[in-house]
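These notes concern the structure reproduced below.
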Amino acid sequence: MVCALLATASPWDMSSLAARRILLGITGGIAAYKCCDLLRQLTGAGAEVQVVMTEAATAFVTPLTLQALSGRPVRTALLDPAAEAAMGHIELARWAEVMLIAPASADAIARLAQGQANDLLSTCYLAFDGPKFLAPAMNQAMWRAPATGRNVATLEVDGVTVLGPASGVQACGDEGPGRMVEPNALVSALAAWAGAKAPTTTEPSPWAGRHIVITAGPTREALDPVRYLTNRSSGQQGFALAEAAAEAGAQVTLISGPVTLPTPPGVTRVDVESALDMLAATEAAFDTADLVIAVAAVADYRAGAVAPQKLKREGTEGLTLNLVPNPDIIATLGARRGPGAHPVLVAFAAETENVVAHAEGKRSRKGVDFVVANDVSRADIGFNSADNCVTVVGPAGAEALPKMSKQALSAQLLNRFAAALRP
Ligand code: PMT
């Protein structure tokens, strides 16, 4: 019963899951606790995951926990007027690209095989006509029962891919087949599906023929011939966005401060040093841009006058620097463009407290469409780290995304910005 996707799971690149829309159905069983790890792995790979739970599942793991891990409200009830107004079962089924039910209890398998539609999960299952994966989990005797075998066979005839179950010691003390396949194997199976699907897609990219300008890295503000002011930006977030944009078919101009990263394939790179250099390069690219994303950590101040010779220590009590403000690059573009006009403008915001409130303030002060805010007081995200965890503040309000790699985040951000592209 273990499907080929599990057997060949390991070589798949998890990046294929970036921005994939996955409907994760969770039914009642002790294996439901493994869904926390499953969800963390899926969102960490950049997938967008909407969780739907049966009532029994909520006895094993709380919707609040899964909401925190997925960054989306968990759906449990079929007849929920508030949720129906937002995204009902038909909308959920239309939104999803793939559906995974894990763990799938014997009861859920029986109901799905019969085509019952008596809760939110079973109605989503019936309404969804894309690829469906199911990871059974139950006691070994229940798995071996002829009725379960018939139900599983029916689902397979219907085109469902059954992943597992695995064998081993069970929570009830029995030993045999019925354990849910481990989360990393389920993630690999979905990555295999996503990787296999990618080359066959014929949907036109919204970025084909579009010009995206991205600033990245720090700026360096000279004090004298050998010293400068700078910050800890590595350029990773801006370079990841440039790579994702080029992969999506855009023409990309990457205006970078001093960093040690290689230029992503297909990207035109302009190296700059100071904020004034970055302003000039960004203004030069502005007229042909469809989207400008200001990821760079631009120095807010520069020396009022750069010392022509190396500043000497001898004979001084201390050193007082006279700093003058740098121009705000993205706000300059916001003022030049005017509200809601072409191109779409995006600022990043490095915050340490009241992240959303400060990001909203920056959005209106700088005249941009979106602000992507990250909490730079955290060591595991933001400056000079592989991952990021952001809140996107845009025309529709604030949306908190889970922590994920900067590559995966880039694909998700581009999806959101595409919706704001002007014709
Ligand atoms: O490079 P990494 O190591 O990958 O780190 C990524 C990052 C932490 C640098 C990135 O995620 C980030 O937060 N970038 C914005 C950093 C910043 O300077 O934030 P800010 O809140 O000070 O500025 C807000 C916005 O105004 C930014 O879009 C910035 O580019 C822009 N700005 C700021 C000052 C200035 N003089 N001109 C600007 O255009």
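Starting from 1, each residue takes its place in the sequence as its number. Remember, it's 1-based here, ligands and their atoms both numbered in the order they're listed.
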Sequence neighbours excluded, the answer for side-chain contact (heavy atoms from CB on, under 4.5 Å) partners of E243 is E247, P264
Please work out which of the three classes, parallel, tilted or perpendicular, describes the rings of F370 and F417, given edges at 30° and 60°.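 Tilted: the ring planes of F417 and F370 meet at 30° to 60°.
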Residue pair A398 / V393: nearest heavy atoms and the distance that separates them: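 What the structure gives for the nearest pair is CB-CG2, 4.1 Å.
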Residues in the immediate environment of ligand 1 (any heavy atom closer than 4.0 angstrom): S233, S234, G235, Q236, Q237, A294, V295, A296, A297, V298, D300, P327, D328, I329, I330, A347, F348, A349, A350, K362, K366, N374, G382, F383, N384, N388, K406
Partners of R365 by salt bridge (Lys or Arg N to Asp or Glu O under 4.0 Å), sequence neighbours excluded? none
Under the salt bridge (Lys or Arg N to Asp or Glu O under 4.0 Å) rule, collect the residues that match up with R337, sequence neighbours excluded.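 With sequence neighbours excluded, R337 shows a salt bridge (Lys or Arg N to Asp or Glu O under 4.0 Å) to D369, given in chain and number order.
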Do S385 and D387 have side-chain N/O donor and acceptor atoms under 3.5 Å apart?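 Distance-only check fails for S385 and D387.
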